[in-house]
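None of the values given here were measured: they were computed from a predicted structure. Quick note on labels: first sequence line is chain A, next is B, and so on, each numbered from 1.
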2 protein chains.
Amino acid sequence: MERYEHPAIADVDICRLFAALSDPVRLAVVRNLARHGALNCAALTMDRPRSTMSHHFRVLRAAGLVRTTVSGTEHVNALRKTELEARFPGLLRLILEEGGD
Amino acid sequence: MERYEHPAIADVDICRLFAALSDPVRLAVVRNLARHGALNCAALTMDRPRSTMSHHFRVLRAAGLVRTTVSGTEHVNALRKTELEARFPGLLRLILEEGGD
DNA sequence: ATCATAGTTCGAAAAAAGTCGAACTTAAAG
DNA sequence: CTTTAAGTTCGACTTTTTTCGAACTATGAT
């Protein structure tokens with residue numbers, strides 16, 4: 001059984017956060033999550049191999065943007081929406097801004 | 001006489017913007033500019049050689065964050081505050097957040 | 001003209017990030 | 001127990017960033 005580590009929201013570094021969002025693939029993932037709620041990895045394949053996406057999810061988790069939970073054989077990713085909005089008010093709005101998909 | 005190119009605020013890409021802010025040196029520069037207004041490069045040496053800083057200023061300009069104007073022998077950098085706030089409301093607040101220097 | 005000051009550009013080297021195939025793990029289904 | 005589905009980990013490779021010395025440009029002062 002695999003569990004993931006997630007930083008406490010208080011420990012989230014804005015610099016790392018910006019770095020996570022600076023990749024177009026990851027930004028697209030975050031936007032998808034913001035729009036459609038929690039999704040498993042399979043639903044977020046951005047036309048890339050699983051190993052590539054796995055890497056991006058790791059970065060998103062480490063940055064504090066996404067929380068991943070295991071449910072059966074699926075790994076479900078969710079935006080840490082409430083926490084993020086509390087710690088970085090305006091961030092989510094900024095990300096969703098006139099956004100592509 | 002050297003002039004710099006600055007993207008129109010409408011052309012600024014949020015992804016590039018995040019990338020620019022993901023470097024601690026550059027984030028510190030932006031925070032300094034937000035606090036103290038326009039500064040020349042000499043005032044923003046973050047304990048790095050001039051060539052290194054020159055590179056960072058180039059990135060900040062290309063991202064649309066900073067406007068550099070030449071005044072005599074000084075190159076003065078200013079945050080594109082009003083434009084940025086209009087295009088990305090909340091961004092500046094986010095950057096200044098509980099911020100270090 | 002000469003010199004000093006402020007900053008850029010160039011080029012090379014080092015470090016960090018992104019990409020992806022192959023092998024592996026875990027859980028569920030048959 | 002075997003197979004399948006969903007993802008991860010590992011390792012290699014490529015691309016991008018960062019860093020900085022050395023040489024250069026432009027302005028202002030002497």
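- Not one side-chain nitrogen or oxygen of Tyr4(A) sits closer than 4.0 Å to the OP1 or OP2 atom of dG7(D).
- What you find for Lys81(A) and Leu92(A) is that their closest heavy atoms are CG-CD2, 3.5 Å.
- Shown here are the side-chain contact (heavy atoms from CB on, under 4.5 Å) partners of Ala78(B), two or more places apart in sequence or in another chain: Ala38(B).
- In this structure, Met46(B) places its CE atom 14 Å from P of dC20(D), rounding to the nearest Å.
- Note: CZ (Arg3(A)) to C1' (dT25(C)) measures 15 Å, nearest angstrom.
- Between dG7(C), dA28(C), dT27(D), one nucleotide has an atom nearer to the side chain of Thr73(B) than all others, and that is dT27(D).
- Checked against dG7(C), dT8(D), dT9(C), the side chain of Cys41(B) finds its nearest nucleotide in dG7(C).
- Closest to the side chain of His75(A), from the set dG7(C), dT9(D), dT8(D), is dT8(D).
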In 5'-to-3' order, the base (B), backbone-only (S) or no-contact (-) status of each nucleotide in nucleotides 13-20 of chain C, using a 4.0 angstrom heavy-atom cut-off, is -----SBB
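- For the salt bridge (charged side-chain N to carboxylate O under 4.0 Å, His left out) test, residues two or more places apart in sequence or in another chain that qualify with Arg87(B) are Glu97(A), Glu98(A).
- Inter-residue side-chain proximity for Val70(A) and Arg3(A) is flagged as unmet; no heavy-atom pair is nearer than 4.5 Å.
- The distance from atom CG of Leu44(B) to atom P of dA6(C) is 14 Å, rounded to the nearest whole Å.
- Separating the CZ atom of Arg58(B) from the C1' atom of dT19(D) is a distance of 14 Å, rounded to the nearest angstrom.
- A straight line from CE of Met53(A) to P of dT8(D) spans 10 Å, rounded to a whole angstrom.
- Distances shorter than 4.0 Å separate none of the side-chain N or O atoms of Arg50(A) from OP1 or OP2 on dA5(D).
- If you measure from atom CZ of Phe57(B) to atom C1' of dC20(D), you get 16 Å, rounded to the nearest angstrom.
- Taking atom CD of residue Glu74(B) and atom P of nucleotide dT8(C), one finds them 12 Å apart after rounding to whole Å.
- A search for side-chain contact (heavy atoms from CB on, under 4.5 Å) contacts involving Ala43(A) returns Leu39(A), Asn40(A), not counting sequence neighbours.
- As rounded to whole Å, 13 Å separates atom C1' of dT17(D) from atom CZ of Arg16(B).
- Among residues two or more places apart in sequence or in another chain, the side-chain contact (heavy atoms from CB on, under 4.5 Å) test is passed with Pro24(B) by Cys15(A).
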What pairs of donor and acceptor atoms, side-chain ones from residues 46-66 of chain A against any protein atom, are under 3.5 angstrom apart with sequence neighbours left out?
| from | atom 1 | to | atom 2 | distance (Å) |
| --- | --- | --- | --- | --- |
| Arg48(A) | NH1 | Met46(A) | O | 3.0 |
| His56(A) | ND1 | Arg26(A) | NH1 | 3.1 |
| Arg61(A) | NH1 | Thr68(A) | OG1 | 3.1 |

